[in-house]
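The block underneath contains the structure these notes are about, expressed in structure tokens.
FYI, side chains are in, hydrogens and waters are out, and symmetry mates aren't considered; it's all heavy atoms of this structure. Each chain gets a letter, A, B and so on, in the order the sequences are listed, and its residues count up from 1.
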There are 2 protein chains.
Amino acid sequence: MATIKEVSDLAGVSQATVSRVMNGNNKVSDVNRERVMAAMDKLGYQPNSFAQALATNRSYSVGIVVGTLSGPFFGPMMHSIESVLRKEGQHLIATSGHDNIEQEREAIRFLNSRRVDAILLVVQAMSDDELIELCTRNPNVFVLNRYVPELAHRCIYLNNELGGYLATKHLIDLGHTRIASITGPLVHFDARERLQGYRNALSEAGIEYDPQLIVEGLYQEDGGTKAAAKLFQRGIDFTGVVCGNDNIAISVYDILSQDNESPAERISVVGYDDMFYSRYLRPKLTTIRFPIEEMGTIAANMVLQNLADKNLVNGVQLEPSLIVRESSAPPVS
Amino acid sequence: MATIKEVSDLAGVSQATVSRVMNGNNKVSDVNRERVMAAMDKLGYQPNSFAQALATNRSYSVGIVVGTLSGPFFGPMMHSIESVLRKEGQHLIATSGHDNIEQEREAIRFLNSRRVDAILLVVQAMSDDELIELCTRNPNVFVLNRYVPELAHRCIYLNNELGGYLATKHLIDLGHTRIASITGPLVHFDARERLQGYRNALSEAGIEYDPQLIVEGLYQEDGGTKAAAKLFQRGIDFTGVVCGNDNIAISVYDILSQDNESPAERISVVGYDDMFYSRYLRPKLTTIRFPIEEMGTIAANMVLQNLADKNLVNGVQLEPSLIVRESSAPPVS
DNA sequence: TTGTACGCGTTATCAC
DNA sequence: GTGATAACGCGTACAA
């Protein structure tokens, strides 16, 4: 790779002049500018961003660490983040924590040694305390999809309680009174919040909370299969089920189809997240929409904002909404 | 951020010694090693990778440019790439070309100025010629999911013709003779190859190729809706349809359900890619499996290999396989 | 085993 | 408008 020196030699000017035309400094004569540009593309010159970063102490890149790169969740999020960052000349460095605390730490170390201008964290394994310490040491860290009270001004998160409430309320409004819930793993704060929303809707309607109707599942693919089986085996009676996410809802579809049943007939099903495949299920899944892209966009803008003026950023809570499709219907009795 | 100098001052040794303990050089006395390590974590020292890269001319990172970060395709691929790279201390810098030739170029420029050790290209917009030029200039560029004859030793790609053949052959074996195809955009080489596979299967079975049965669709979500509508409106008779990918197959599901029909009844449907949601469709989608993770793993290993010994790498063609599920059945006549 | 000093490719501050 | 030259943080001969 050609260096600035080779360019300056070829153009017959000093390195400083080359640097000036690179950075759009207008105090360069047209003749020299021409010469430099010619030399540049003759050599296929690309500035070495390491050297630039070393000299300016700015990397023009922001890092993100996500639980896992695969899955329908992070793709759209990273997509929207990258879109807004790029417009400002910033780039995204993606690392995966593989939902493992040691790897999450390692990823953060890596990004720090990369001297990224900001770090976006979408992690679950790491504890609140560790997050707090991290954020106090580094003023450019933001937390996505998670609410830590002490870090409120740096969190962009979903109102999960409201989501759980909306899902449950929808079934109640349809006339259901025996409503089960297959939650996500309750070590995840969002699963707990969604469950709380469920309880709120119940109590608002004067329906008693019955622990028998609650099962804990997992968020990932097939993560609800065992849990759903457990629920049905309890032999208790219910007409609707609120699921921790769409994957869990799919498991319920599966179980029902084993008995040649379909959601919305005997049992109504409500999901959570509105993943893009949910509208392709049959019957189409009624679910809670999670504005993933919006979360990404807001996070990216917050980063930019923070780079410009540290004191202007504030946390954001996003609101979920109910998407009614076909998997929910009045109970048959 | 602390620098190596602050560490050396605090530890009472020279910068060189600090550098030695960082890089595991064993020619350091235990006493000094202890002191340095203590100083390091007291200061929360993180080496500046820009300075390291500048000094060593190695960045320990590989760049990837993909068409779009969202979608069910790139997530799993990036996931597997990142997994193997990380084990070797390499990191992944992800950029999106947004399926736009100018942005793809920009992404490559960015990665070059980042002096990445290798570049992985998963792009469609860029021409073969441009790719060839790029690869000859830079010996560490690899092309994924695309076959360029001149670059055969740097391509990791799928045998798309075989995939198209398998899909079609499956329907023929079931007894179908009037088989339509909704292809991907024929500007994409892979769509053309899949179509060719379709033709091969037909001719092998002595069935004449009928252009009336071919419609061109798009790969993205809903990309097959218009095309499928067009096909049905032609009013010609067929009993099976081979789709360019699973998204297109979903569109066919949609159209059929509008008439209260279901795949595998009057019309059999075969997809392509085996995206993870395909088994959750009802009926479960018969499709061609695309080993995405494997492609990622192979690519990452190739990068590593190439870094170790330039002359040892070779291109790889991956084989698709048929996954029979429920959307295909013998024709009713 | 340890320290000195130079080079990596830029930017930025000076003089001119 | 232009050109020296000193940082930036680290690796690494080379000398001690």
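- Residues satisfying the side-chain contact (heavy atoms from CB on, under 4.5 Å) test with A38(A), not counting sequence neighbours, are none.
- Side-chain N/O atoms of T56(A) include none lying less than 4.0 angstrom from OP1 or OP2 on dA12(C).
- Two residues are said to be in side-chain contact when any heavy atoms from C-beta on lie closer than 4.5 Å; K42(A) and V7(A) fail this criterion.
- Annotation: salt bridge (charged side-chain N to carboxylate O under 4.0 Å, His left out) contacts of E150(A) (sequence neighbours excluded): none.
- Of the two residues contacting DNA chain C, namely A55(B) and T17(B), the nearest-nucleotide position lying further toward the 5' end is that of T17(B).
- Partners of Q15(B) according to the side-chain contact (heavy atoms from CB on, under 4.5 Å) rule, which considers only residues two or more places apart in sequence or in another chain, are I4(B), K5(B), S8(B).
- The salt bridge (charged side-chain N to carboxylate O under 4.0 Å, His left out) test applied to R105(B) returns E102(B), E130(B), not counting sequence neighbours.
- First and last contacts of DNA chain D with chain A, using any nucleotide atom under 4.0 Å from a protein heavy atom and ordered 5' to 3', fall at dG1(D) to dG9(D).
- Not a single side-chain contact (heavy atoms from CB on, under 4.5 Å) links N57(B) to another residue, sequence neighbours left out.
- F110(A) does not carry R114(A) over the face of its six-membered ring by the limits of under 6.0 Å from the centre and within 45° of the normal.
- Looking only at side-chain heavy atoms (C-beta outward), N145(A) and F73(A) come within less than 4.5 Å of each other.
- The C1' atoms of five pairs define one axis at each end of the helix from dT1(C)-dA16(D) to dC16(C)-dG1(D), and these two axes lie 40° apart (to 10°).
- With salt bridges taken as basic N to acidic carboxylate O contacts below 4.0 Å, one links D128(B) and R146(B).
- Taking every heavy atom of residues 3-16 of chain A and every atom of DNA chain C, pairs under 4.0 Å involve T3(A), I4(A), Q15(A), A16(A), by number.
- Residues that satisfy the side-chain contact (heavy atoms from CB on, under 4.5 Å) test with R35(B), not counting sequence neighbours, are A11(B), N32(B).
- Note: CZ (R35(B)) to C1' (dT2(C)) measures 13 Å, nearest angstrom.
- To the nearest angstrom, C1' of dC8(C) lies 9 Å from CG of L54(A).
- The side chain to side chain contact (heavy atoms under 4.5 Å, CB included) test with R20(B) is passed by exactly one of N25(B), V13(B), V36(B): N25(B).
- Note: NZ (K27(A)) to C1' (dT13(C)) measures 15 Å, nearest angstrom.
- As judged by a 4.0 angstrom heavy-atom cut-off over every strand, N23(B) is placed among residues touching the sugar-phosphate backbone only.
- Residue N32(B) places none of its side-chain N or O atoms closer than 4.0 Å to OP1 or OP2 of dT1(C).
- The shortest side-chain heavy-atom distance between L120(A) and I81(A) falls under the 4.5 Å cut-off.
- With sequence neighbours excluded, no residue forms a salt bridge (charged side-chain N to carboxylate O under 4.0 Å, His left out) with E293(A).
- Look at S19(A) and you won't find any side-chain N or O under 4.0 angstrom from OP1 or OP2 of dA12(C).
- The ring-ring contact (aromatic ring centres under 6.0 Å, His included) pairs that include a residue from residues 130-157 of chain B are Y147(B)-Y157(B), where partners are two or more places apart or lie in different chains.
- Taking atom CZ on R20(A) and atom C1' on dT11(C), their separation rounds to 10 Å, with Å as the unit.
- Across residues 37-52 of chain B, Y45(B), P47(B), N48(B), A51(B), Q52(B) each have a non-hydrogen atom less than 4.0 Å from an atom of DNA chain D (numbered order).
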